Protein chains: 2
Amino acid sequence: MESELNREEAATVKPIRCIVKLGGAAITCKNELEKINEEDLVTVCSQLRLAMMSGSLSDEVLSLDWSKRHGGSVTVPVVEDFTDQLVSGSNNFVVVHGAGSFGHFQASKSGVHKGGLNQPLVKAGFVATRISVTSLNLEIVRALAREGIPSIGMSPFSCGWSTCKRKIDSADVTMITKAINSGFVPVLHGDAVLDSSLDCTILSGDVIISHLAAQMKPEFVVFLTDVLGVYDRPPSEPDAVLLREIAVREDGSWSVTTPVLQGTSKEVEITVAAHDTTGGMATKISEAAMIARQGVDVYIVKAATSHSITALSGRLKDDIPEDWLGTVIRFVR
Amino acid sequence: MESELNREEAATVKPIRCIVKLGGAAITCKNELEKINEEDLVTVCSQLRLAMMSGSLSDEVLSLDWSKRHGGSVTVPVVEDFTDQLVSGSNNFVVVHGAGSFGHFQASKSGVHKGGLNQPLVKAGFVATRISVTSLNLEIVRALAREGIPSIGMSPFSCGWSTCKRKIDSADVTMITKAINSGFVPVLHGDAVLDSSLDCTILSGDVIISHLAAQMKPEFVVFLTDVLGVYDRPPSEPDAVLLREIAVREDGSWSVTTPVLQGTSKEVEITVAAHDTTGGMATKISEAAMIARQGVDVYIVKAATSHSITALSGRLKDDIPEDWLGTVIRFVR
């Protein structure tokens, strides 16, 4: 029944240009509980504005956040200013963000990801986790709105998304599609959700991106992170090499094509090493490979840099400049 | 298709004890933009806790809000405390709140209720309104969670609710039902939504309550407001009389049964007067009458009083004490 709905909607949906992931590590301060990296978030939102407007709008930014800020006052808009300056819906984006220093504490303290809502601690942690991640979602929606982006917060839980054994079970994109068709930019997030087998679990932003990409077939997907891209070992190690291009084959297997690595055995070794040690990057490559396999280019890039604005602009589809730093993951026939 | 789903769900849904509306005027400061009436909100949440637990839990309140408060720190929970003290799901509640001094400014400034998303001001106002009402929703979810209530914020927009010519068009309660079945207390709110005829409009908390009551058939519905109940004229007028009982008939018509008013013509006059002058009360009575017609008792009562805790406890079903102040609206055969 769900797929019928989706097919119906698919006929009328506006094409999606980009699904962008705001990595938790990029927009929050990793080592401080529930602290947003305000400076980088402002830059990220401003870059998104540029990417969405494609240079067709005036420079003047009209904030769509008319609410009080902590200890501050309400920005009273001048009604007459709202003529045609809004960020247009021609470049349709969907934003998904991770949790970073929001939600993780609450989830890990209670074991929400393991399920078992009959345990009071898990149930409490579910509530606490959702409060934390929806707080972050609201702040990100507001930061985007202050850049004139018509952002709309949409929690996967409220959208009716659920899992079975931690895999997406029900994830109707109808409402997200409707929001896009109405000219809005949906902002989703990693969330605590119901699981038909475990009672509940955590649905990560990366899995959401993968599902949305499969359903919506965007032109490209951008992961904004806190490092330049994917490395062959933890980027903190002195000899870490940035992997510039990863090719994904029909069967889902992938290999590094740039830089050229010495010998096949070495290549495999790197693949394994990446899985074992880079914490999080393995999942990211696997999910990215799944997306790329469908013909959707994936760019993993450091947030709030000149490289991220290049990736968000979509220019990498035609040509990857020599001085661009980041990881491109794409399908090769 | 939706009704099929609903029928399917209805078979397994736990009975709902009460749907409670937290009136915007009761939980926010009417005359100050985006200001919560903290004192009354704490009392309201504490009364809800008592009503939900039916005296079966310990007095110790374990907060389920583990997030930072403005300028404050995180309440780190003691894991061992979470044994069986959580507010149980035996008395299932759904909470719906109004906007009060949140959202109204943004909505009225831009004319969101009139629709027309092709106008930049309306689109901007839609985003601004949702930011404001979801901010309030988060604060209410947190206030409930601090009283140990497993509250889950659910925005009607994200739940996929939409209207056609301002009337509810699509409003699937499946996810709300699932949340309740998992032991949570869904917290909905008046929201900006998409409208298939006008592009967008405002869906009020009162209309949401009416729809939920029809779908979920709770034992009773409580409206918490900032006055004692429904009066025959604006309660600020010196001669205003509190209407204690209103009887609703099969055809939806209603009349005041207590206090006994002199003559039938007088009764009708009051009915009309209430529609004309009490601003908001007319809609409230009409919506309440619609609910009562289905055999669901409706209590309109002042929030954070001894009268509200009596109403929330469900004791009024059997007997209305002499000293109870409020308005009971119910079906008479």
Side-chain angles (χ1 to χ4, degrees), chain A residues 1 4-5 33-34 62 64-68 70-71 74 76-77 79 82-86 102 105-106 109-110 117 119-121 123-132 134-135 138 141-142 145 148 150-155 157-160 162 172 174-175 178-179 182-184 194 199-200, chain B residues 1 4-5 33-34 62 64-68 70-71 73-74 76-77 79 82-86 102 105-106 109-110 117 119-121 123-128 130-132 134-135 138 141-142 145 148 150-155 157-160 162 172 174-175 178-179 182-184 194 199-200:
Chain A
M1 193 147 38
E4 253 175 60
L5 266 176
L33 214 58
E34 300 195 338
L62 288 171
L64 311 185
D65 176 8
W66 306 347
S67 284
K68 272 204 279 199
H70 305 328
V74 174
V76 180
V79 168
F82 286 90
T83 50
D84 54 356
Q85 299 96 327
L86 275 199
F102 287 74
F105 158 74
Q106 291 85 354
K109 188 97 186 174
S110 56
L117 279 174
Q119 299 164 58
L121 180 65
K123 192 166 164 188
F126 191 97
V127 171
T129 301
R130 290 213 77 241
I131 287 173
S132 188
T134 54
S135 298
L138 180 59
V141 166
R142 294 184 67 172
S151 51
I152 295 283
M154 298 185 77
S155 277
F157 179 94
S158 304
C159 290
S162 60
D172 190 359
T174 310
M175 201 53 209
K178 280 187 186 165
S182 297
F184 296 112
L194 300 181
D199 291 349
C200 67
Chain B
M1 190 150 38
E4 254 174 60
L5 265 176
L33 216 56
E34 299 195 338
L62 288 171
L64 311 185
D65 176 8
W66 305 347
S67 285
K68 271 204 277 198
H70 305 328
S73 58
V74 174
V76 179
V79 168
F82 287 89
T83 50
D84 57 354
Q85 299 96 328
L86 274 200
F102 288 72
F105 158 75
Q106 290 85 353
K109 189 96 184 176
S110 57
L117 279 175
Q119 298 165 60
L121 179 64
K123 192 166 163 187
F126 191 96
V127 171
R130 290 212 77 244
I131 287 173
S132 188
T134 55
S135 298
L138 180 60
V141 166
R142 295 185 65 172
S151 52
I152 295 282
M154 299 185 77
S155 277
F157 179 94
S158 305
C159 290
S162 60
D172 190 359
T174 310
M175 200 54 209
K178 279 187 186 164
S182 296
F184 296 112
L194 300 181
D199 291 348
C200 67

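All values derive from a computational prediction rather than experimental measurement. The sequence lines fix the lettering, A, B, ..., with proteins before strands; numbering per chain opens at 1.
Checking side-chain atoms of B/Q106 against main-chain N and O of A/W66 turns up a donor-acceptor pair under 3.5 Å.
Between B/S151 and A/V127 the shortest heavy-atom distance is O-CG1, 3.5 Å.
Using a 4.5 Å cut-off between heavy atoms, A/F102 does not touch chain B at all. For a residue to count as touching a neighbouring chain, one of its non-hydrogen atoms must lie under 4.5 Å from one of that chain's; by this rule B/L117 touches chain A with the side chain only. Within the 4.5 angstrom heavy-atom criterion, only side-chain atoms of A/L138, from C-beta onward, approach chain B.
With sequence neighbours excluded, the residues satisfying side-chain hydrogen bond (donor to acceptor under 3.5 Å, both in side chains) with A/S155 are A/R130, A/H189. Listed by chain and residue number, A/M154, A/W161, B/S158 satisfy the side chain to side chain contact (heavy atoms under 4.5 Å, CB included) test with A/C159 (two or more places apart in sequence, or in another chain).
Listed options A/A145, A/C200, A/S182, A/S132 were ranked by heavy-atom pairs under 4.5 angstrom with chain B; first place goes to A/S182. Interface check for chain B: of the options A/T134, A/T129, A/L194, the most heavy-atom pairs under 4.5 Å are formed by A/L194.
A/F184 is listed as a side-chain neighbour of B/K123, based on a closest heavy-atom distance under 4.5 Å.
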